[in-house]
Structures are given as structure tokens and as C-alpha cells.
Amino acid sequence: MDGGGEAAPPTAHPAVQPLSFLLGTWRGQGEGGFPTITPFKYHEEVTFSHHPSKPVISYSQKTWKLKDSGEPLPMHAESGYWRPKPDGRTIEVVIAQSTGLVEVQKGTFDEKEKVVMLKSDLVGNATKVKEINREFKVVNDELTYVVEMGTNVTSLQSHLKASLKKV
Ligand code: HEM
């Protein structure tokens with residue numbers, strides 16, 4: 001320490017370190033669609049937080065619609081835990097959605113490419129949804145993701161895509 005009074009930033013747990021590119025709060029816009037619904041746009045905030053003593057990232061997401069006047073209108077929200085394995089390559093993610101649907105996602109990540117690819121291992125308490133794929137990527141400080149879903153009547157295809165910036 002040089003006595004400047006600046007605290008060193010906390011380091012991440014070794015399992016979380018390769019996913020450091022996700023950590024923080026991101027805000028931006030997205031758009032959604034599906035063959036059975038009317039396309040829509042939304043605003044979103046996502047936070048990935050951690051503690052250096054734990055091999056896990058806490059995930060929380062909320063979305064809203066901006067109205068012409070008055071308060072923003074909340075849309076979908078979800079939260080969960082991202083659990084990267086010590087192999088530096090594979091990950092499992094659990095997510096609870098505001099709609100009551102729960103997901104266990106399994107997949108891989110690439111520290112160098114700053115990509116995480118997830119496929120549902122379990123979708124629970126859902127009336128229509130059979131499978132969900134999620135892909136996240138950070139390029140030039142921009143977090144983009146796509147979410148695909150398959151339902152009992154529609155094959156796996158895009159439901160959401162969004163682009164967020166670190167705040
Ligand atoms: C519709 C699932 C995330 C907004 C739907 C439907 C399903 C679904 C099953 C109905 C499709 C149909 O009737 O065929 C999911 C899943 C999500 C997700 C699994 C996450 C993995 C979101 C998010 C938003 C959103 C983040 C908003 C920001 C909507 C809207 C509709 C819809 C506006 C149309 C509703 C309507 O027309 O009544 N979603 N959704 N969804 N979703 Fe999502």
C-alpha cells in the first residue's frame with residue numbers, strides 16, 4: 001500500500017475469476033417475439049454479484065416497459081445463481097422466474113471469448129415451455145444475449161435478444 005487510502009478491489013473466488021467479464025450491473029434494451037405472440041420491446045437491468053469467499057455468482061434481472069408518461073411498468077423478472085465449476089469451462093445455473101417457472105441450465109463458458117452458452121437441463125412448473133437456451137457474450141464492453149425457447153406447440157426458436165452496457 002502506498003498510503004493513498006484506496007482499498008484494493010476484492011478479488012473473485014478462483015472458480016468465478018474466469019467469469020469476471022460478467023460481474024457488475026448492466027442496463028439496456030431488448031426485444032422479444034415468438035410465432036404465437038406480438039413482438040415487443042423492453043428495458044432491462046441485470047446484476048451479477050459475488051463474494052470472494054464463494055464459488056458462485058448471484059444473478060438478478062428485471063425488465064420494464066417505458067410508458068409515455070408516469071411510472072415505468074414492470075415486466076418479467078428473474079433471479080438465480082451461476083455456479084461455474086473449478087474446471088474453468090463448465091457451469092450450472094439455477095433461475096427462478098417471476099412467472100413461477102424454474103430452470104436448471106447447464107453449459108460451457110470461454111474466458112477468452114467472453115461467452116457463456118447454456119441449455120436447459122430442467123424446466124419446472126411451466127405450462128407451455130419445454131426447453132430454453134441462453135447465450136451471453138461480452139464484446140467491447142457490451143453484454144448481449146439471446147434466449148430461445150421451445151414450447152409444447154412451437155419448436156426451439158428466439159424469444160428474446162438484448163444489448164446492455166455496464167453502469
Ligand atoms: C410470452 C416464456 C422471458 C415478455 C411468453 C410465452 C411464454 C414465455 C411461454 C407465451 C408464448 C405462447 O403463448 O406461445 C418466457 C420464458 C422466458 C421469458 C421461458 C425466459 C427464459 C420474457 C421476458 C419478457 C417477456 C424477459 C419481457 C421483457 C413476454 C411477453 C409475452 C411473452 C410480452 C407475450 C404475452 C402475451 O401476448 O400475452 N413468454 N418468457 N418474456 N413473454 Fe416471455
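When a ligand or atom number is given, it counts from 1 through the structure's own listing order. Fair warning: this is a prediction, and the values are worked out from it, not measured in the lab.
- Remark: Asp141 CG is loosely packed, at most 12 non-hydrogen atoms of other residues, nucleotides or ligands lying under 6.0 Å away.
- We find that Glu78 and Lys62 are not joined by a salt bridge, their nearest charged nitrogen and carboxylate oxygen being 4.0 Å or further apart.
- In this structure, atom 4 (C) of ligand 1 has a protein heavy-atom contact shorter than 4.0 Å.
- The protein atom (non-hydrogen) at minimum distance from atom 6 (C) of ligand 1 is Met149 CE, 3.9 Å.
- The distance from atom 43 (Fe) of ligand 1 to the nearest N/O/S atom of His76 is not under 2.8 Å.
- Within ligand 1, counting atoms from 1 as listed, the ones closer than 4.0 Å to a heavy atom of Val147 are 21 (C).
- Any N or O atom pair closer than 3.5 Å counts here, and Thr63 shares no such pair with ligand 1.
- Protein non-hydrogen atoms do reach within 4.0 Å of atom 19 (C) of ligand 1.
- At a 4.0 Å heavy-atom cut-off, ligand 1 does not touch Thr154 at all.
- Closest to atom 9 (C) of ligand 1, if we only count protein heavy atoms, is Val129 CG2, 3.4 Å.
- Note on Val138: it clusters hydrophobically with Leu164, by side-chain heavy-atom contacts below 4.5 Å among ILVMFWY residues.
- Of all non-hydrogen atoms in Tyr145 and Glu44, the two that sit nearest each other are OH-OE1, 2.6 Å.
- Residue, atom and distance of the protein heavy atom nearest to atom 10 (C) of ligand 1 are Lys128 NZ, 4.3 Å.
- Only the side chain of Arg134 comes within 4.0 Å of ligand 1, judged by heavy-atom distances.
- In this model, no donor atom of one side chain and acceptor atom of the other lie less than 3.5 Å apart for Thr47 and Ser60.
- Taking a cutoff of 4.0 Å between a charged side-chain nitrogen and a carboxylate oxygen, Glu142 and Lys166 do not qualify as a salt bridge.
- Closest to atom 42 (N) of ligand 1 among all protein heavy atoms lies His159 NE2, 3.1 Å.
- When ring centroids are compared, Trp26 and Phe136 stay outside the 6.0 Å threshold.
- Atom 38 (O) of ligand 1 is not flagged as protein-proximal [any protein heavy atom, distance under 4.0 Å].
- Atom 16 (C) of ligand 1 has its closest protein heavy atom at Gln97 OE1, 3.8 Å.
- For atom 14 (O) of ligand 1, the closest non-hydrogen atom of the protein is Thr36 OG1, 2.5 Å.
- For the pair Lys65 and ligand 1, no heavy-atom separation below 4.0 Å is found.
- With Gln17 contributing its side chain and Ala15 its backbone, the two residues share no donor-acceptor pair below 3.5 Å.
- Using modelled atom types, one finds no donor on one side chain facing an acceptor on the other under 3.5 Å when comparing Glu45 with Gln61.
- Scanning the protein heavy atoms around atom 27 (C) of ligand 1, the nearest turns out to be Phe40 CE1, 3.6 Å.
- Grouping the Ile, Leu, Val, Met, Phe, Trp and Tyr side chains by contacts below 4.5 angstrom, directly or via other members, places Tyr81 with Leu122.
- Close contacts between ligand 1 and Met75 involve ligand atoms 27 (C) [criterion: under 4.0 Å to a heavy atom].
- For Trp82 and Phe48, the ring centers sit closer than 6.0 Å to each other.
- Among all non-hydrogen protein atoms, the one lying nearest atom 31 (C) of ligand 1 is Ile37 CD1, 3.8 Å.
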